[in-house]
Structure formats: structure tokens, C-alpha cells
Amino acid sequence: MEYDFRKIEQDWQKKWKDNNVYAVSNESAKPKYYVLDMFPYPSGAGLHVGHPLGYIASDIYSRYKRLKGFNVLHPMGFDSFGLPAEQYALETGQHPATTTEKNIATFKAQLDKIGFCYDWEREVRTSDPGYYKWTQWIFLKLYDSYFDEKENKATPIVELIKSFEKEGSATHNSPLTTHTFTAEQWNAFTKKEQEDILMKRRLAFSKYGEVNWCEALGTVLANDEVVNGVSERGGHPVVKKKMRQWYLRITDYADRLLAGLETVDFSDSMKEMQRNWIGKSEGAEVTFKVVNRESSGVSAELTTHHSPLTVYTTRPDTIFGVDFMVVAPELDIINEITSETQKAAVDEYVAYVKSRSDVDRMAEKKITGCFTGAYAINPFDGKEIPVWISEYVLAGYGTGAIMAVPCGDERDFKFAQHFNIPITNIIGSHYTGEEANPTKEAILENSGFLNGLLMKDAIGVALNKIEELGIGKRKVNYRMRDAGFSRQRYWGEPFPIIWSDGIAIPLDAEELPLELPHVDTYGPGPEGEGPLANIKDWVDVGRNTPDGVFNTNTPQGVFLQEGRRETSTMPGYAGSSWYFLRYMDPNNANEFCDRKASDYWNQVDLYIGGTEHAVGHLLYSRMWTKVLYDLGLIGYDEPFKKLLNQGMITGVSEFIRQLIIDRDLIDSNKGFQRVLDFFVQGKQVSIKIPFGRGNNHIYVSQDVNFEFVLQTIDNSNSLSVVKSNYWEHHAKIKFINQSPEKSILNIDEWMQEEPVYENSVLICKNGYWLSGVYHDFEGNVINQKLEFLTRSVNEKMSKSKLNTHNPDDLVTKYGADTFRMYEMFLGPVETSKPWDTKGIEGVHRFLRKLWRLFNDDIKGPIWTTAPSSSLEENENSSKPGAAAPSPLEFPSEEKGRGEARGGEVATDAELKVLHRTIKKIEEDTERFSFNTAVSAFMICVNELADMKCNKKEVLEKLLILLTPYAPHIAEELWNQLVNSGSILDAEYPAFNAALLVESSKEYPVSINGKLRTNLTLALDIDQKQVEELVLQNEIVQKWLEGKDPKKIIFVKNKMINVVI
RNA sequence: GCCCAUGUGGCGGAAUUGGUAGACGCAGCAGACUCAAAAUCUGCCAUUCGCAAGGGUGUGAAGGUUCGAUUCCUUUCGUGGGCACCA
């Protein structure tokens, strides 16, 4: 009987579904285990082979735990709000809800084909109103809470209000509440004044923040929609703009997020990344007086005095080495301190910085800055320190200003060098003048009262002095900032907030969900608001009620006359911050999750997902969990007990390049010959380019040392085409081989990112890409040359890169079991690797070989073609090397299959193979080393096949081991063998160590660390006996050359090393 | 620029705590079976010198620690991912 995987998989998938075998109950006598995958965004491209990598791993582990007797929750759902669907809607007019629905159906069908053990009854979708009702509800909890610094936890804000009403700001003052007030004052404040103060304390709050603003598109852009300072779509300028936004006060949780890391099982690198993101540092804020000095004459005078400048530093010990100050260009204080003479330069520089994207500011190695004309006064020695502004200092961190110590800080050093600022050396010989040295081990020099102190000791001394003089104070700082929580977009959760007279009024819980209204267009609203702003009827509440009055009573009892809905929506991470809770109780209409359910399932025991979420999603969901815990809504404050990071499967992306030449240049240079010369690995290649035809562009690829030259006919003039004149597009390229010498480049598809270059001409278009075939000027097909016309690179799979690979084809061709095992066999789950299908045959062969252990003659060369049913019942192993018997002879000669499988007792050797495999598979599965587990299965099957072992006692246990990895074939063979029950609930075989006990061991013998021979020794041998035996060995004698060994190292069960 | 990861045959990878580098699979080569193909089976397969026995070299590179290093340390180069230039 052949291994008909298609039929087997289809049949069992149907049977499993019909029998509801994956349904999970919230009540069970078994211990619970919760395995969670990071749920996918249902992209239009469908599932690609990178998705299942983690899903297969979690599925294997879930099934393994089930066999081990656990009640396992292993759900799946969809992170179905997000920008791509909205972008697609903009382009095609299709509603995101429609396309999302369609995409989810595709995803589910694809997932089911791979045979995952999901309980689909528990599916969640973040864009489902039944789900986002509770996202909005939790948002309101955040809004209605503040962080009590004494209790170190989230607390309902009514408590704060009560306290304000009773005792003013006395008990609950915080740095965020800028002024203090008495109870009387509080009660006398207007509603607006009160709300403004409260807004500064809420965990979800609104304030002004900077966004990437694109005037031409009338919209706010995400960082990755901005390329080279212009919008990705259209190439329009992008500037920073202040707009009202919502934030989550995650910074209040910084310490607990740090402390919580100690309690969870994440990889060290993951914890490190989160720690770095949170970026706790201890230092001081120090205040410097600022003066101006007009540089009008030799006898320069200090003219004006300004408000002081406060800097944050972690190295107060270096305060005597401060040679200049740098202020972030965004800071308002700049206007105040800038001198008349420097004003123009400063304004210009500020404008320049405003035009720079964050990405640019990051990638730029160029040093820029501008002197303000102001000087700060060192409080210790009165030294005048020039105050500069530069984009390398960020407004959002610390005070937005630094004291620069060039001898100790690399960036400060480069800045000083670039602008010729004299450098003070305070660390003696530790500073070479060539580069900065950030040591803490130097003895301080030129440092006033700190002279002679070791730097790390001086930190405390300086801090004390600073506090003593009242010029500053100790300060703990976090680099993490509060999380932006609003997006000016459509396809997200609407905020359950109404604005009235500048006061945010939350909806009542009964009014949730606030459903996302239908829109006709997905373009931005006025003033950069989201598309929701265009729906007047929805936005303006209060006008539509019969009496013209909106009558929501807020918790504060405000009677609203008129209001305007918040038109932003929540970001992608809103829904994903708590979805693991909803799976526990997915259909609850009254609560986000029944407390009984969340207590039963408790934390996620194993969470599998990619490292790209290291700091975003993981920190947000950890924070939400802590808030829910603080408010008494769940019983634990870390969501994920263990995190396993799956590596990325990368795909090969190919590019074509679009060459853009300035139209004016071409028009005025009609003499240009249409030749493009370029050099690839030193070789010059020419392609003749026609122009003059409309719509001209050529697609070529980028390569190293690659340069285009347009030349005039007489070679007297040439035009170099520099890199910025290219536009590179992801593309799908096929080389069609027509003959060995000729291959034709065919572009199947390419991503046109619509660059708008109004003053450019695109050279050589479709006329010369006839039907996807590239022709040169004479109309000849260009063949071999095209190989280097494309560039390819391995990168993260995504639809927009056109490098995705779909699992369906492979599942159809080889079956789900093969596909599952192959993805695991590729390598460790944690490492990223390029996608390649060439090893899949080997895994498929393995499953067929396994199948033959049960269903075929072991050596059988031709039985797969013998269809007789009597054969199936009577086949058996023939002798190795013996010619295959003809079907007719077979039954009379050999034992029946059932007898052979059931009747014999397994030999010691066979049991040894089995138990070695049990041990290996169990260990490997436990440590998520699925690739080595697959290879252990292969070894086991190879060995059993060599022994011609087809005994039930051995095989049925092997099947159970295999079930998590290849459930379909395991279930099929299990039923052939045993005929009762499902293997999914079989009992995991116990490992018997006694079967593997050996009496001797073959030791490698090295001489001076180099392996020379082997010695088989008894297990209980001691050092002395070993030395004797080793010295007797003739190979050892040969290498000793008559000398005595210096030492003989014997490590029991490991090795022997003779040192000469 | 910063943070994290990673680098082993032609390829994917193995070596679990510092102890025989290259398990398992792919590809390749040789052979068996076959009219032939497919399927299956057997053998070889890091590199170099050698007929062989047996040596030399070898885990991105250079140093170091150790009886012994793919594994630990320092420096350095390449690649992938992330980023908010974090003082």
C-alpha cells in the first residue's frame, strides 16, 4: 500500500474536525498549559512560509504537552486592524472590512491544510466589534486611572480626585502636576482647569506631540513612510508638526517593567533589548547660568542674563571637563538665549533640522551644529562655556540639553574637533588627543576640588557637592518615552472619547463598542485629522439628538451641550496588547475575560514569535497586564512566562532599477548618444538607450561600482548619472532560458512606488521591454548581459517586496506532514534562514520509509506497484539482496503481516534503538530543538529498517513520539496498527534507562590535544588503570618516542589526553 | 551612529556543561535492480600530501586563557534584524 498522504491528511483533518478533537475546555482535572503564537496580520498576500515556522513549533509543543497529559490551550486569531488594508482601500476603494474578511478566510484555509490543532471556537479578531469593545473598555480603564507613586501601582483616578477635594495636592503631588494647590483652590478651579490637571496624571492621556507632517498629502506619516526626508509616496517634503495625540504613560511602569524581567523566562538578548529600550540611568540634573557676550569688540562685555540652562548628565565627575553645551534644536529656550549676531544662523539651522526625518538624523554621520552666541557659566570654576545647538541632542531625553565633555565622550569629541572647540583634558594620560576615552578609572586632573580622585569615586563627591550648593539634584532617567497611542487613520479602534470645550469626556461602558462608522473615502480629514473627521454626522455629537442636546453624563457629572468625537483611532498594538486574555473566554459579552477563566489559564506558559516585537508589542502587553493586575481585574502582572523567539525565514528579493534623467538636461543635450555605459566588476558594458520616444525608462539593476555615463555622439561631453537618480523597485524577475546561450529577462511584476519627478524623464519604457523581453536599440534581444541587470538580496518576506513563498504548493505536492517536518528540519527555530525547498525531498523520503516499516516489504523494491489487496495482508520482509518474489509466490512463502507485527517480542537491540529515540525526542522537544529531533527520527527509522524491525511493540511507541511532528501519518498508522482511539490522546512512552546501560566505553585518546587513537575501557576504570593501559598502547608509545608523559588527563565518560 | 543576533564542507545544518568537528538531510560521484524510467537499495563525499599506512591544515580574521576552544576573553571584518543619535 502506498503512502497516499493527500487522502490520509484530508480524511484525518475531516475526522478530527467532525469529532471536535481540538475543542478545549476551561474545566479539566488535568494540569493546564497555555501555548500562544503571536497572531498574524492577515495580509493580502496570504500566508507565506515564514508564518508557519513558529506555528509549527508551537503546534508540536502543544501536541507534545497534550500527550504528556496536559489540558492545552493553543488558540489562533488575527491582528486584523492595520495600515495595509487601509492603504489598499485607498487604492482600490474596497472597504478594509471586506478585504480583511477575505484575507482571514484565506489564512484560515491555509492554516488548516497544515494541520494545526487550533480550537477555532476561540478565534479572536481585533477588528471585530465584539473584541474591540473590550479594547475600548480597557482604554477607558487606563484613562480613568493614574499611577500612585507611593503604592507604585495604577489606581482609579476617582481616588486622586477625592484626595484633591479633601487635601489639595498635598498627598498626591507629582512632578507632572506643575503646581501645588489646596483643597479650596481645587474646588474653586473650573472644570477645565481640573481636567487639565487630571489629564497630566491619567495613564491614557492626551497632549501635543510631534508628528511627521506631509503638507502635500495632507496627512501624517509613519517613520517608515518617510524616505530621505520626503514622503515615500510622491516624494513630497515632510516636516515635524505639533498635533494633539493620545499617549500611554508607560514610563510610570519603567521600574516594574525592568523588575518583571527577572521573573520571566525570556532570552538574555531579549531582556537586554528591553532593558536598553527602557534605558534606566542614574545621574544628575545640573543647572548652569547663561549669559550672552556680544562679540563686537575686544573688551567684550557680558550683556544679558537669561533663565538658566539645565542639563542631564550621568557623569557629574567630568564637570570640569565641560568645554561646550549642546541644546536640542527643538527647545524653546534657544530663542531666549541666542544672541543677535547668531540669530540668523540659528534660525537657519533650526529650519534645517525641522526638515530632517528621524531616520536621516539617525543614519547621518555628518556633524552639524550651530553656536547660539550664549555662554553657560560653570558653577564650580566660573568658566564660560559656549552653548551650541545640534541635532545629535534629542529634545525628548533628559532635559534636552547636555554638557559636552570631549575628552571623555566620543560624540562630543568629534563635535569639538569639527568646530575647533578647545578640549580640556581632565584624565591625564588616559586621553591621547586622538580620541575620547570614556573611562571611569582615571585620576582626575584640572578638576578643582575633584583633583586626585578616581573618577568613579568622584561621581558621588560631585553629586553631593551639586546638591549641597543647590545647583542641581540626583536624578534617575529613562530613555523610554511615553507611548504614542493615536493614529490619524481609519482602520483602527475609535476612541470612546468626546471632546467638549477642550475637555475629554469618556463614553459610558454601556455605550461600547463605539463602532467604526462606514466611510466612503479613506483620505485624510482636514488639518491632518484621520478620515473619520470627514463624517460630520458622526463627529458632531449633540446635534442629532431631538432636542439638540447631547445628554451623556460623565463620571464627573458634566452635562454636555455639544461635543465632537475624537477622530483619531488607536494604533495596531492596542488590540494585540491583551488578546492572550480574550482567548481564555472569547465569547463573553459581559466581560473582557471572566476572572475564573483568567485564573484557570493564568499566564501564557509558552509564547512564540519574532524578535521584531522585542520592544514594541512585548512592552505594551506587559504594561497592560500590569495595569489590569493593579486594578484587580486579573491575578498576575506578567503575561508571558516563557518566550521563544522564532527566526525569520528570509526570501530572495530582486530589484529592477528605474533610471531618471532630468528632462531639461536631455532636451538641451540632444546630442547625447543613447548609450549607457556601466561597469560591472570592472567590465564595461554598454546598452543603447533610445530617447525621444515618450515615456522612456530603462530598468536595470544596481551593482557594486556601477555607474552610468551618457555620452555625446562625438564623446566630447558626458553626463554621469549618480545614485540619487535611480529609483529601485522590488520586482519578480524570471530568466527564461530559450537556449543555453540565450536567456531572456522577464519581469512578472514590479512594485511601482510612484515616484513623482516632475522635472524628469524616464528613459526607455515599454517599447523596449517588448512583452517583458528586453531589446536594445537595434531591436536585438539582450540576453547574457541581463544577468547582472538585476540585484537580489535576502530579506524579510513581505508582500511589498515580492519575495514571499506560499506554503500551499508544497503542502499539495508533499503533504502537510512533510511540510511540517521540513520547516523544522531547516535549522533551529530561533535562527533566521533563507527559504529554500531543495531539502524537502529528503524529509518526504523519510516519511515514506517510515510508512514502509508498516505497510511494505522492508527491502521491497517493487511492491509499490503491486495493487493486490491480498498482498497487503500477507506481505513481509524478504531477505536482503534476494530478488523480489513475484506477487504470486509471496503469500505462501512468508508470514502474514499481522503476525509479524504483533507476534514477536522486540530484541534488545531494537528496544535500545527505541529508547534512545524516546530519550532524544523528549529532550529535544523540551528544549525546542526540533531540527535535531527530526534527524533523530530519521536515524531511528534508518536503524529499524536496517534491522527489518516491524514489531508493534516498537513501532506504536515510535508513532506516539512522532505524533506532534507528523500527526496525520501517525494517526493513520496508529489506526492500522491498533484500531482503537485516536493517537492524539495516547500515553507518551516512558523512557527506560536500564535498556541503554553499557559496560564499556570507547575513549578517544589524544596526544597533546591531537586525536591519535581510541581505547575501549571498562566504565568503572580509575585513573591509575587508565594510565597503565594508555602507556601500553603502541600508538601512544610511538608518539612518546621513549619519553615519559608529563601528565595523563582522564575525564570519565569523555576522553583521555596524554601531555608530552 | 547605537542595540541585538549571527558567521562551521558545494548547500541547510550537528556537536546539549570547554572534551573524537562535520550527526542528519540535500546536491554530487560510483554501483545494484530495471527493456527503460520512476521508486528503492549499497558505497564514496572538509581540504591537502601519499599507492597505502599515515601525516599536515581546517569552525570569518588576528591574538589570548587552557592539558584541550566551534564553545570562554580581547580586537577586528562580513551579514541579518531593530532603532527613539539616549549623553
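Letters go in sequence order (proteins before strands), and every chain restarts at 1.
Here the P atom of nucleotide B:G82 and the CE atom of A:M270 are 13 Å apart, to the nearest Å. As a whole-Å value, the separation of A:E330 CD from B:C85 C1' is 12 Å. The distance between atom NZ of A:K280 and atom P of B:A87, rounded to the nearest whole Å, is 14 Å. When rounded to the nearest whole Å, the span between CG of A:D268 and P of B:C72 equals 13 Å. Separating the CZ atom of A:F266 from the P atom of B:A5 is a distance of 16 Å, rounded to the nearest angstrom. Taking atom CG on A:D409 and atom P on B:C2, their separation rounds to 11 Å, with Å as the unit. The separation between A:M480 atom CE and B:G82 atom C1' is 17 Å, rounded to whole Å. Taking atom CG of residue A:D946 and atom P of nucleotide B:C24, one finds them 12 Å apart after rounding to whole Å.
Residue-level contact check: A:R275 touches neither bases nor backbone, having no heavy atom under 4.0 Å from any strand. Residue A:Y312 is classed as a base contact, given a heavy-atom separation below 4.0 Å to a base. Within 4.0 Å (heavy atoms only), A:M403 reaches no atom of the nucleic acid at all.
Comparing the C1' positions of B:C72 and B:U65 gives a spacing of 8 Å, expressed to the nearest Å. Spacing of C1' atoms, B:U34 relative to B:U40, comes out at 11 Å, to the nearest Å. Using atom P as the reference point in both B:A39 and B:U57, the two lie 43 Å apart (nearest Å). Straight-line distance between the C1' atoms of B:A84 and B:U16: roughly 38 Å, to the nearest whole Å. Comparing B:A62 with B:C67, their P atoms sit 23 Å apart, to the nearest whole Å. As rounded to the nearest Å, B:C24 and B:G43 have P atoms that lie 12 Å from one another. For the C1' atoms, the distance from B:G22 to B:C33 is 32 Å, rounded to whole Å. Only the P atoms considered, B:U70 is 27 Å distant from B:G80, to the nearest whole Å.
A salt bridge between A:K280 and A:D255 is present, with a side-chain N of the basic residue lying under 4.0 Å from a carboxylate O of the acidic one.
Ranked by how close their nearest RNA chain B nucleotide is to the 5' end, A:I840 and A:G1009 are led by A:I840. Checking A:T313 against A:I1035, the closest nucleotide of RNA chain B that is more toward the 5' end is the one next to A:I1035.
When each of A:T318, A:D317, A:T313 is tested with A:R315 by the rule side chain to side chain donor-acceptor pair (under 3.5 Å), just one qualifies, namely A:D317.
To the nearest 0.5 Å, the span separating CZ on A:F5 from OH on A:Y814 amounts to 9.0 Å.
Pair assignment for B:U16 gives none, since no Watson-Crick or G-U wobble pairing has each distance under 3.5 Å. B:C86 is unpaired under the Watson-Crick or G-U wobble criterion, no partner having all donor-acceptor distances under 3.5 Å. Using the Watson-Crick or G-U wobble rule with both distances under 3.5 Å, B:G31 pairs with B:C41. In this structure B:G7 sits in a base pair with B:C77, meeting the Watson-Crick or G-U test at under 3.5 Å.
Using bins of under 30°, 30° to 60° and over 60° for the plane-to-plane angle, the ring pair A:F930/A:Y965 lands in the perpendicular bin. In this structure, A:F415 and A:F324 have parallel ring planes: the angle between them is below the 30° cut-off, well short of the 60° mark.
Between the side chains of A:T837 and A:Y822, no donor-acceptor pair is found at a separation under 3.5 Å. Defined by atom type and a distance below 3.5 Å, a donor-acceptor pair is missing between the side-chain atoms of A:N1057 and A:K1047. Judged purely by distance below 3.5 Å, without hydrogens or angles, the side chains of A:Y312 and A:S281 pair a donor atom with an acceptor atom.
Residue A:R411 places its side chain closer to B:A87 than to any other of B:C41, B:A87, B:A5. Of the candidates B:C24, B:A84, B:G55, B:G55 carries the atom nearest the A:R1012 side chain, counting heavy atoms from C-beta on. Closest to the A:S935 side chain, of the nucleotides B:A23, B:A87, B:C4, is B:A23. Checking B:C83, B:C41, B:G56 against every side-chain atom of A:W277, the shortest atom distance belongs to B:C83.
Side-chain nitrogen and oxygen atoms of A:N942 include at least one within less than 4.0 Å of the OP1 or OP2 phosphate oxygen of B:G25. Between A:W851 and B:A39 there is no side-chain polar atom (N or O) within less than 4.0 angstrom of OP1 or OP2. Proximity of A:R848 to the phosphate of B:U40: a side-chain N or O atom is located under 4.0 Å from OP1 or OP2. Neither OP1 nor OP2 of B:A84 sits under 4.0 Å from any side-chain N or O of A:Y397. Between A:R479 and the phosphate of B:C3, there is no side-chain N or O to OP1/OP2 separation shorter than 4.0 Å.
In this structure, B:G9 is classed as syn because its glycosidic torsion stays within 90° of zero.
Within a 6.0 Å sphere centred on NZ of A:K241, other residues, nucleotides and ligands contribute more than 12 heavy atoms.
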Item to complete: Take nucleotides 8-20 of chain B nucleotide by nucleotide from the 5' end and write B, S or -, depending on whether a protein heavy atom sits under 4.0 Å from the base, only from the sugar-phosphate, or from neither.
Response: ---SBSSSB--BB
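Taking both residues in full, the closest heavy atoms of A:P571 and A:G484 are given as CG-O, 4.3 Å, listed atom of the first, atom of the second, then distance.
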